[in-house]
Amino acid sequence: METILKINNLNKIYNKRVHAVKNVSFEIKKGNVYGILGPNGSGKSTTLGIVLNVVNKTSGDFEWFGGKVETHDALKKVGAIIERPNFYPYMTAKENLELVCKIKGTPFSKVTEKLELVGLLERQNDKFRTYSLGMKQRLAIASALLNDPEILILDEPTNGLDPQGIRQIRDIIREIASHGTTILLASHLLDEVQKVCSHVVVLRKGEMLYQGSVNDMIENNSFFELKSNDISKLKTVLQSHPAVEKIVDEEDKILVYVKQDIPSSELNSYLFEQNIVLEHLVKRKNSLEEQFLELIKN
Ligand code: ADP
Ligand code: MG
């Protein structure tokens, strides 16, 4: 798969004091939807700002499209919305986008296509100042897509929107992704990342805690709840099982975390062979939310 963006050991220190981004490295591959997930102040916007050339990095490097083109030219193939959408208030949505077309050298025919995509075609002749925040955000997305960029970058795309506005934006993001456009979005909302992203980079205080597919983040975290009449023997036997990573006591049960996914039946028959009869066996999965909280707690 083609690499769109590669970031290596990126660091940003503001005013020689605030270490906002710490040794962050990740890669964006064509056709995926990436989320940068982290609480406020974790360095999401700073990371996006650096790769978009609006924030100077302190050290490390990044490379667009395999490094074949200068960042300045590469950014012509990037659509980004990192600030509140701003257009001319007394011009209509259509006029605003036609102006963007003139600046970008894109044919006016794109305006209808993109307004349709974001569900604003019927409102194209209304002035921008009459738009709701959600409509403004959708217009910004249409504008960023006018020249059919390779990748769309969005910073907290649903901030400040009502539930209906949030749903509309998420549906549009999924629609854009389904056409093959790569997407990178920053969000402090786990639920948002889980709903729209295939991949996630988790940041906390500028540090990268996890990166990988959203599914793997869920898959890799199954664990078992076990009970038997001789808990200490159960623990001893489990400790010699190659897949067992750690064992945690919980009241009259133990929780068994495994390095890789194994079926309940396999664990059960293994224990039975060692003369352990279980009274209780349940396989559980951490929700992404539990995992996120687990990751970001100290
Ligand atoms: P996020 O987007 O995840 O909320 P930011 O990248 O905006 O995080 O901020 C990361 C850290 O860098 C925070 O501690 C923030 O206060 C600090 N920061 C961001 N921008 C600046 C700036 N222009 N000058 C100084 N510190 C900044
Ligand atoms: Mg931010």
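Read the numbers this way: they start at 1 and go in the same order the structure lists the ligands and their atoms. The structure displayed is predicted, hence computed values, not measured ones. This chain uses plain numbering: 1 for the first residue, then up along the sequence.
- For atom 15 (C) of ligand 1, the nearest protein heavy atom is 4.0 Å or more away.
- Within ligand 1, the atoms closer than 4.0 Å to a non-hydrogen atom of S42 are 1 (P), 3 (O), 8 (O), numbered from 1 in the order shown.
- At the top of the distance list for atom 12 (O) of ligand 1, counting protein heavy atoms only, stands A20 CB, 3.3 Å.
- For K6 and F62, the positive end is not near the middle of the six-membered ring at less than 6.0 Å and at most 45° from its axis.
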Apply salt bridge (charged side-chain N to carboxylate O under 4.0 Å, His left out) to residues K29 and E2 and explain how you reach the verdict. CA-CA 6 Å; K29 300 257 187 200; E2 199 183 316; over 6 Å; no
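- Remark: K136 fails to qualify as a cation-pi partner of F87 under the 6.0 Å distance and 45° angle criteria applied to the six-membered ring.
- Of the protein's heavy atoms, T46 OG1, 3.8 Å lies nearest to atom 9 (O) of ligand 1.
- Among G206, G38, G41, the residue whose heavy atom sits closest to atom 1 (P) of ligand 1 is G41.
- A salt bridge does not link D148 to K77: none of the charged nitrogens lies less than 4.0 Å from a carboxylate oxygen.
- The pair K44-E156 meets the salt-bridge criterion, with a side-chain N (NZ, NE, NH1 or NH2) lying under 4.0 Å from an Asp/Glu carboxylate O.
- Taking the six-membered ring for Trp and thresholds of 30 and 60 degrees, Y270 and H241 have ring planes more than 60 degrees apart, a perpendicular arrangement.
- Looking only at heavy atoms of the protein, atom 23 (N) of ligand 1 is closest to Y14 CE2, 3.7 Å.
- Contact annotation: N40 places no N, O or S atom under 2.8 Å from the Mg ion (ligand 2).
- The part of V18 lying near ligand 1 is the side chain, judged by heavy-atom distances below 4.0 Å.
- Of the polar atoms of S45, at least one N or O is found under 3.5 Å from an N or O of ligand 1, judged by distance alone.
- Relative to the ring axis of Y257, K246 places its NZ or CZ within 45° and under 6.0 Å from the centre.
- Between N40 and ligand 1, no pair of N/O atoms sits closer than 3.5 Å.
- Annotation for ligand 1: atoms under 4.0 Å from non-hydrogen atoms of N15 are 25 (C).
- Residue D155 does not touch ligand 1, judged by heavy-atom distances below 4.0 Å.
- Only backbone heavy atoms of P39 (N, CA, C or O) come within less than 4.0 Å of ligand 1; its side chain stays farther off.
- By the 4.0 Å N-to-carboxylate-O rule, E98 lies close enough to K94 to be salt-bridged with it.
- Side-chain atoms of H72 and N53 include no donor-acceptor pair closer than 3.5 Å.
- For atom 8 (O) of ligand 1, the closest non-hydrogen atom of the protein is G43 N, 3.1 Å.
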